[in-house]
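Here the structure is laid out as C-alpha cells; the discussion comes afterwards.
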Amino acid sequence: MAQGLAESHYSNPTIRWIDSRLPIFTMMHKEYGEYPAPKNFNYFWNFGALAMVVLLVMIVTGIFLAMHYTAHVDHAFNSVEAIMRDVNYGWLMRYIHMNGASMFFIVIYIHVFRGLYYGSYKQPRELLWMLGVVILLLMIMTAFLGYVLPWGQMSFWAATVITNLFSAIPLVGESIVTWLWGGFSVDNPTLNRFFALHYLLPFVIVGVVFLHVAALHITGSNNPLGIEPKSKRDTLPFHPYYTIKDMFGLGVFLIFWAMFVFFAPNYLGHPDNYIPADPLVTPPHIVPEWYFLPFYAILRAVPDKLFGVILLFGAIVVLFFLPWLDTSKVRSTRFRPVYKWFFWLFVVDCVVLGYCGAMPAEGIWLVLSQLGTIYYFGFFLVIMPLVGKFERPRPLPASISEPVLPQSGGGPLPAGATAKPMEKA
Amino acid sequence: MADTTHPEGGHGEQKSRRDFLYLTTAAVGAVGVAAFIWPFIDYMNPAADVLALASIQVDLSAVEAGQAITVMWRGKPVFVRHRTPGEIEAARAVDVDTLKDPQPDSARVQEGHDQWLVVVGICTHLGCVPLGQKPADPRGDYGGWFCPCHGSHYDTSGRARLGPAPTNLPVPEYSFMSDTRITIG
Ligand code: HEM
Ligand code: FES
C-alpha cells in the first residue's frame with residue numbers, strides 16, 4: 001500500500017482506487033455490512049430504517065412540490081390547488097408528502113416507545129437517545145412549518161396560535177412574536193420565512209440522523225432483552241440478515257402508506273384547510289394535526305397561559321432527562337414486573353390525551369386532560385425514579401443466546417455443549 | 001486553561017503570554033461574530049413598509065346600538081361595538097378588583113363616547129379572533145365575546161373574565177374626528 005492511502009479490501013481496481021483515497025466503501029461495509037446486530041431483534045427494530053426512508057421520500061417529494069409552489073399569501077393556496085389539479089402527478093406528490101408527514105410521526109412514535117419499553121435510553125446510549133429527541137423536535141418544527149404553506153384556514157390559525165405561544169414569555173414575549181412574524185400579524189413575511197425554514201430543516205434532520213447513527217454504531221444496538229451481546233454468537237451481521245428484514249418491513253409499511261395516499265388521502269387532514277386563509281375569521285374548532293393532539297391537550301389543560309406553554313414544551317424537554325430519571329439498572333421492561341404496568345398506563349395516557357386534544361376543552365374533556373397531564377409528568381418525574389429504586393426485577397438471562405440455546409449460556413459450558421450453535425438455531 | 005493544553009507546562013512566562021494572546025484573539029473574534037449576528041436577527045423584524053402601515057378612518061354612522069363592525073388595521077381585526085345602555089351598565093357594575101386584569105370600563109372608552117367600545121379583536125390567549133361580532137355568534141357568559149379556540153370569555157368592556165386569556169382585549173390608539181367618525185392608529 002502506497003504511503004498516505006487507506007487500506008482497502010476491494011479487488012475491483014476502480015473501487016479500490018477510490019476506496020483507498022476516500023474509504024467510503026470500507027465504511028459502508030463496516031457500518032451496514034458487518035455491523036454486528038443482536039440476533040434477537042423483533043419487528044420494533046424496523047422503525048429506524050423506516051424513518052430514514054420516510055425522510056428521504058419527504059425530501060424528494062418536497063423538492064418537487066417546491067418547483068410549483070409559490071410562497072406568497074395571494075398565491076400560495078392557489079398554487080397548491082394548481083399542483084393538485086393541473087400539474088402532472090401533482091396530486092400524487094402532494095398526497096405522498098401530506099400523508100408522509102403523518103407516516104413519519106407514526107413511525108417515530110413507535111420508534112420512541114420502543115426505546116422507552118426496552119430501556120434503550122440507558123447508559124451507554126444516553127447521547128444517542130438525546131440526539132433522537134433533537135430529531136423529534138426538528139420534525140415537530142418542520143411539520144408545523146409545512147402545514148402553514150398551503151395557506152388554508154387551519155394553516156393560518158395554526159401559525160397564529162403556535163407563534164403566539166411565545167407571547168407567554170414575560171417581558172420580551174411580544175417582541176419575539178413580532179420578530180417571528182416579521183410584522184404585526186401572521187402575513188406574507190411570515191409565510192415566506194416559514195417556507196425557507198421548511199426547506200432547510202429536513203436537511204438539518206439528515207445531519208442529526210447521521211450523528212444519531214454514528215453514536216449507535218459506537219454503543220451498538222440494544223435488543224428486546226436489554227442485555228449486551230456477550231459473544232459473536234449473540235449477534236448477526238447486519239447484511240443480509242437485517243437488510244432483508246428491513247426490506248420486508250418496508251414493503252408492508254409502504255402498502256400502509258399507499259392505502260392512505262390512494263384511498264383516503266384526506267382522512268388524516270382537516271377539511272377546513274381547503275378554505276383559503278382568512279385573518280378575520282377563526283374557524284369554530286381549530287385542532288392541530290393528530291400527531292400534536294396530546295401536546296395540545298396538555299396546553300389546554302392549564303388555565304394559565306404561561307404555565308400551559310411551559311408544560312407544553314416541558315412535555316418534550318423531559319425526554320432529554322430520561323436516562324437520569326429512570327433509576328433502574330434493568331433496561332428491558334420485560335424484566336420489570338411493576339414498571340410494566342405504569343408503562344402501559346402511560347401508553348394509554350398518551351392516547352387519552354390525544355383524544356382530549358381533539359375535543360372541546362370543557363367539561364369531562366378538560367378534567368381528563370388535567371388528569372392525563374398529571375400522569376404524563378408524574379410518570380417521568382415521580383414513578384420512574386421511585387419504581388427503579390423499589391422494584392425487584394426478574395432475573396436476566398445470562399446472554400442473548402441462553403434462553404434459546406440453553407447450552408451456550410454465559411457461564412462455564414457443560415461438557416458436550418460446544419456443538420456449533422448456528423446449526424441448532 | 002493552559003494546563004490542559006500544555007500539561008507538561010514549565011515555561012511560566014511563555015505560558016501566560018500565550019494565554020493572553022489566546023484570550024484576546026478569542027474575545028475579538030466573539031465580539032466580531034456577535035456584531036455580525038445582529039443584522040441577521042434584525043433582518044427578521046418588521047420591514048419599513050410593514051411599519052409604515054397608515055392609520056385608518058372608520059365611519060360609525062351606520063352602526064346601530066347593539067351592533068358591531070370589524071375593521072382591518074395593521075393586518076389585525078379591530079372590533080367596534082355600539083353598546084346598548086344595558087351593556088354599558090353591565091360593564092360598569094363589576095367590582096374592578098375581582099378582575100384578572102383590573103381596569104374600570106371608563107378607562108377603556110373615551111369620555112362622552114361611552115357607547116363606543118373599540119378593541120383589537122385578537123384573543124390575548126393565543127391570538128384567535130373571538131366570536132360575538134355577528135348577531136348569531138355566541139357572546140360568552142358575560143355578553144361580550146367568546147373565543148372558540150380555548151374557551152376565553154370577554155365582557156361588554158372587552159375584559160377577560162373566564163378561561164385562559166390573561167389580559168383584556170387591548171384598546172388601540174384612536175380618536176374621534178366627529179361623533180360618528182374615528183381614526184385608528
Ligand atoms: C422532515 C421532512 C418533512 C416534513 C415532516 C414535511 C411536512 C409537511 C407538511 C405537514 C406539509 C403540509 C401538507 C399539506 O397539508 O398540504 C408540507 C407541505 C410542503 N412541503 Fe414539506 N415536509 C418535509 C420536507 C420537505 C422538504 C425537504 C421540502 C423541500 C422543499 C418540502 C416542501 C414542501 C412544500 C413546497 C409544501 C407545500 C405544498 C403542500 O402543502 O402540499 N417539504 N410539508
Ligand atoms: S386563543 Fe382565545 S382562548 Fe386561546
Side-chain angles (χ1 to χ4, degrees), chain A residues 73 156-168 170 173-190 192-193 196-197 278-288 296-297 299-309 312 357 360-363 365-366 369, chain B residues 38 40-53 68-79 100-101 120-134 136-138 140-141 145-153 160-167 170 172 184-185:
Chain A
V73 288
F156 182 89
W157 291 101
T160 301
V161 169
I162 300 300
T163 47
N164 262 309
L165 291 176
F166 294 90
S167 71
E174 293 296 332
S175 325
I176 291 182
V177 174
T178 307
W179 177 74
L180 289 172
W181 288 342
F184 299 103
S185 55
V186 172
D187 211 329
N188 201 46
T190 325
N192 248 300
R193 63 187 59 181
L197 295 174
D278 180 354
L280 292 184
V281 182
T282 308
H285 293 291
I286 58 164
V287 247
Y296 195 59
L299 169 74
R300 298 192 307 178
V302 196
D304 180 81
K305 178 165 159 177
L306 179 59
F307 195 48
V309 173
L312 171 73
E362 52 197 35
W365 303 117
L366 188 58
S369 311
Chain B
W38 175 245
F40 287 86
I41 295 177
D42 199 36
Y43 184 90
M44 292 176 70
N45 270 321
D49 58 335
V50 177
L51 285 173
L53 278 176
I69 54 167
T70 306
V71 294
M72 191 86 149
W73 174 67
R74 284 188 158 188
K76 299 177 186 193
V78 171
F79 294 163
K100 284 195 213 187
D101 180 8
V120 175
I122 301 234
C123 181
T124 56
H125 181 225
L126 296 175
C128 292
V129 177
L131 297 171
Q133 288 294 90
K134 297 203 199 82
D137 281 353
D141 294 354
W145 289 270
F146 170 71
C147 182
C149 292
H150 319 96
S152 290
H153 298 246
R161 297 296 289 272
L162 198 69
T167 55
I184 305 177

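Since the structure is predicted, the reported quantities are computational estimates derived from the model, not experimental observations. Just so it is clear: chains get the letters A, B, ... in the order the sequence lines come, proteins before strands, and each one is counted from 1.
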What's the spacing between [X] [atom1] and [Y] [atom2] if we round to 0.5 Å?
X: A:Thr160; Y: B:Lys76; atom1: OG1; atom2: NZ; answer: 10.5 Å
X: A:Leu366; Y: B:His150; atom1: CG; atom2: NE2; answer: 12.0 Å
X: A:Asn164; Y: B:His125; atom1: CG; atom2: NE2; answer: 9.0 Å
X: A:Trp179; Y: B:Tyr43; atom1: CH2; atom2: OH; answer: 13.5 Å
X: B:Leu126; Y: A:Thr282; atom1: CG; atom2: OG1; answer: 11.5 Å

(request) Can you tell which part of B:Ile41 gets under 4.5 Å to a heavy atom of chain A, answering side chain, backbone, both or neither? (result) both
(request) Compare all side-chain heavy atoms of B:Pro164 with those of A:Asp304 and state whether any distance is below 4.5 angstrom. (result) no
(message) Does any backbone or side-chain atom of A:Leu280 lie under 4.5 Å from a heavy atom of chain B? Answer side chain, backbone, both or neither.
(response) both
(request) Identify which part of A:Phe156 has an atom lying under 4.5 Å from any heavy atom of chain B, answering side chain, backbone, both or neither. (result) neither
Closest non-hydrogen atom pair between [X] and [Y], with its separation:
X: B:Val129; Y: A:Pro279; answer: CG2-O, 3.6 Å
X: B:Thr124; Y: A:Lys305; answer: O-NZ, 2.8 Å
X: A:Gly183; Y: B:Pro46; answer: N-CG, 3.7 Å
X: A:Pro283; Y: B:Pro148; answer: O-CG, 4.3 Å

